[in-house]
Amino acid sequence: MALWSLKINPIIVVRRRLWHYLLFMTDQAQTGERVYKGISVSAGICQGKAFVLHKTQTHVPHYDVGEADLPHQVQRFHDALVLTRHQIQEVQFKVSQALNANDASIFDAHLLVLDDPTLIDSVTGLIYAKKINVEAAFQEFVQKYTATLSAIDDAYLRERVADMRDVTSRILNNLLGNLQHEALRDLKEPCVIIADDISPSEVAVINRKVVLGFATDIGSKTSHTAIMARSMQLPAVVGLKDASVKIKTGAHVLLDGYNGSVVLNPSDQTLFEYGRLVRQQASIEEKLRAIQALPAITLDGQKITLSANIEQTGDVEAVKEFGAEGVGLFRTEYLFLNRDSLPGEEEQYEAYRKVAAALKPAPVIIRTLDLGGDKFLSHLQIPLEMNPFLGWRAIRFCLEEKDVFRAQLRAILRASAEGNVKIMYPMISNHCELDQANGLVEQYKNELRAEKIPFDETIEIGAMIEIPSAAVTADMLAKRVKFFSLGTNDLIQYSLAVDRLNERIAHLYEPTHPAVLRLIKGTAEAAGRHGFWCGVCGEMGGDPYMTPLLLGLGVTELSMAPALLPRVKFLIRRLKMDDAKELASFALNCESGREILERSQALARRTAPSLFEDQP
Ligand code: PEP
Ligand code: MG
């Protein structure tokens with residue numbers, strides 16, 4: 001029963017009654033209603049039919065395929081073989097480093113399986129003969145082949161069966177992983193996705209017209225999957241543990257992105273309560289719209305710049321709609337994901353130019369490629385790493401892969417002729433990286449001058465401060481740039497040694513930890529001493545509970561998902577800097593992150609009670 005519209009904008013107002021209802025009536029036998037609690041990562045409420053996806057699925061789907069789609073199935077098979085080869089070679093390389101070449105040679109047998117013409121011809125033959133999907137054809141072949149080999153009484157062949165099982169399960173997993181991607185891309189009916197996991201690149205291909213929201217078993221607030229959801233204004237909940245096993249495709253679900261819950265088979269009473277919540281939020285939205293065109297100035301006159309974080313060129317509309325003063329962080333990685341080859345200079349130039357021209361004269365800070373961590377390209381031969389967030393990512397990758405960096409920097413420089421463009425490097429950990437990157441920018445500027453291609457000669461360059469070493473040495477870095485933007489998502493994970501993706505240790509991921517606040521303060525002070533601004537573009541920047549604290553610590557720019565901006569502005573326009581500074585000085589002398597959080601929340605609530613009305 002659809003009582004109300006499915007999509008609403010993100011304003012957090014939660015009725016105490018509703019909250020109690022969710023807490024205490026989590027399993028209503030009489031209605032069949034069941035509530036799954038997780039972590040809210042993207043505000044909004046939606047309801048509809050569940051569409052359940054499993055990456056690590058044991059069930060292999062079997063379906064008929066039309067004549068025209070058969071070559072595509074064969075292509076998927078070949079793609080899975082290529083990916084599998086890459087993965088095995090990686091493992092082989094690691095084993096050869098850790099053990100010795102002899103031990104690594106066992107993987108030669110695995111690689112041979114991938115080249116086996118019987119495998120390739122038979123699976124291709126089955127796809128065409130039976131007109132079925134590649135997973136079904138592959139499974140049928142593997143079952144027959146291993147059964148035949150196992151029946152022969154020969155030790156050597158038995159070993160080959162073990163190799164075969166190992167390799168084929170890898171291929172199948174790759175096929176199923178890709179299938180999830182395809183399934184998301186091909187959805188036609190409105191639905192709420194319930195999955196064990198969804199990657200950031202998968203969220204990027206979601207069709208916003210049919211996917212009403214998504215919920216996953218694992219995940220965290222600062223994963224790029226969550227960030228992407230906020231950017232797309234797609235209600236989302238993560239960390240639901242086993243919801244994707246319990247909820248079946250087709251079931252009626254209600255997803256509450258404010259409180260982080262999914263209600264299976266919502267009762268009429270629940271739908272009624274949520275209907276009321278939706279109406280209430282609509283009225284708060286009205287208030288926020290009224291200040292849309294007004295600046296973010298505190299009651300005592302401190303001007304704060306509010307900018308938008310964007311991932312794709314299409315996000316420009318939201319930047320304007322929510323009244324951002326420019327783009328504080330353009331995550332360019334998404335131009336590189338979900339494709340078979342890298343975007344060249346021309347294509348990137350077109351994308352950056354479009355955003356710069358659309359927002360001119362507002363600034364657009366283009367962050368250079370931050371691949372790695374939880375953002376991978378399947379076609380780039382980036383080694384699989386044990387600790388990808390500590391590995392070969394971002395500026396480290398770009399400084400080695402100079403062709404990739406050159407194409408991007410030239411594209412950004414060229415786009416600077418068409419608007420107010422700035423460059424920002426991610427993951428800077430020392431001044432040498434800055435010197436190297438700045439040296440390359442100079443080199444490409446010279447190239448463009450020689451080619452008589454225009455660019456902004458005064459283009460500003462900034463650094464993301466998201467590694468503790470950078471925050472501690474901010475004074476040294478400050479000599480080499482024109483602004484700092486604190487990437488608090490990473491800064492918190494690296495300062496506290498808490499994996500930002502791991503929901504098991506999410507309670508340790510503490511933005512108000514005194515260590516984090518001291519790093520923020522030190523960075524803002526270093527920027528001040530060098531006469532430039534320091535902003536925050538991590539998720540802390542869009543959290544109104546954190547706004548007074550960040551302002552009190554000396555931050556003067558906040559960049560966030562566009563839809564979060566009106567709430568932060570609403571709060572700033574009611575805030576006194578004296579209160580913010582008092583909170584910051586308390587925080588800098590307090591030992592407990594929890595106490596600091598409570599004080600910050602209390603000040604935010606006192607400042608703008610209607611933003612937090614009735615929250616537990
Ligand atoms: C950050 O780390 O805070 C940040 C803004 O960058 P990303 O989330 O893309 O790593
Ligand atoms: Mg980061």
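Whatever order the structure lists them in is the order used to number ligands and atoms, beginning at 1. Given the structure is predicted, the values throughout are model-derived calculations rather than measurements. In this chain, residues are counted from 1 in sequence order.
Of the possible polar contacts, one joining the K569 side chain to the Q292 backbone as a donor-acceptor pair under 3.5 Å is found. Put simply, the side chain of E503 gets close to the backbone of G219: a donor and an acceptor are under 3.5 Å apart.
When non-hydrogen atoms are compared, ligand 1 lies under 4.0 Å from the side chain of R500 (C-beta onward) but not from its backbone. Residue contacts with ligand 1, taken as heavy atom pairs separated by less than 4.0 Å, do not involve E539 at all. The side chain of R393, and not its backbone, has at least one atom closer than 4.0 Å to an atom of ligand 1 (non-hydrogen atoms only; side chain from C-beta on).
Judged purely by distance below 3.5 Å, without hydrogens or angles, the side chains of E557 and S485 never pair a donor atom with an acceptor atom. Side-chain contact annotation: Q493 with D490, donor-acceptor N/O pair under 3.5 Å present. In summary, the side chains of R605 and Y545 do present a donor paired with an acceptor at a separation below 3.5 Å, with no hydrogens or angles considered.
Both the sub-6.0 Å distance and the 45° axial angle are satisfied by R599 relative to the ring of F586. In this structure, R410 fails the cation-pi test against Y444, since its NZ or CZ atom is not both closer than 6.0 Å to the six-membered ring centre and inside 45 degrees of the ring normal. Figure legend: cation-pi geometry between R331 and Y334 absent, as NZ or CZ is not positioned both under 6.0 Å from the six-membered ring centre and within 45° of its axis.
In the vicinity of M464, heavy-atom distances shorter than 4.0 Å reach the ligand 1 atoms 4 (C), 5 (C), 6 (O). Distances below 4.0 Å separate heavy atoms of L329 from the following atoms of ligand 1: 5 (C). Taking every heavy atom of C537 and a limit of under 4.0 angstrom, the matching atoms of ligand 1 come to 5 (C). Close contacts of ligand 1 with I227, meaning ligand atoms under 4.0 Å from a residue heavy atom, involve 8 (O). For ligand 1, the atoms lying closer than 4.0 Å to a non-hydrogen atom of R331 are 4 (C), 5 (C), 6 (O), 7 (P), 8 (O), 9 (O). Those atoms of ligand 1 with a heavy atom of D490 less than 4.0 angstrom away are 1 (C), 2 (O), 3 (O), 10 (O).
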Check the pair L329, I365 against side-chain contact (heavy atoms from CB on, under 4.5 Å), reporting the backbone distance first and the verdict last. CA-CA 5 Å; L329 168 64; I365 300 179; over 6 Å; no

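In this structure, atom 7 (P) of ligand 1 lies nearest to the protein heavy atom H224 NE2, 3.1 Å. Nearest non-hydrogen protein atom to atom 6 (O) of ligand 1 is R367 NH1, 2.9 Å.
E466 has its closest N, O or S atom to the Mg ion (ligand 2) at the position named OE1. The atom of D490 nearest to the Mg ion (ligand 2) is OD2, with the search restricted to N, O or S atoms.
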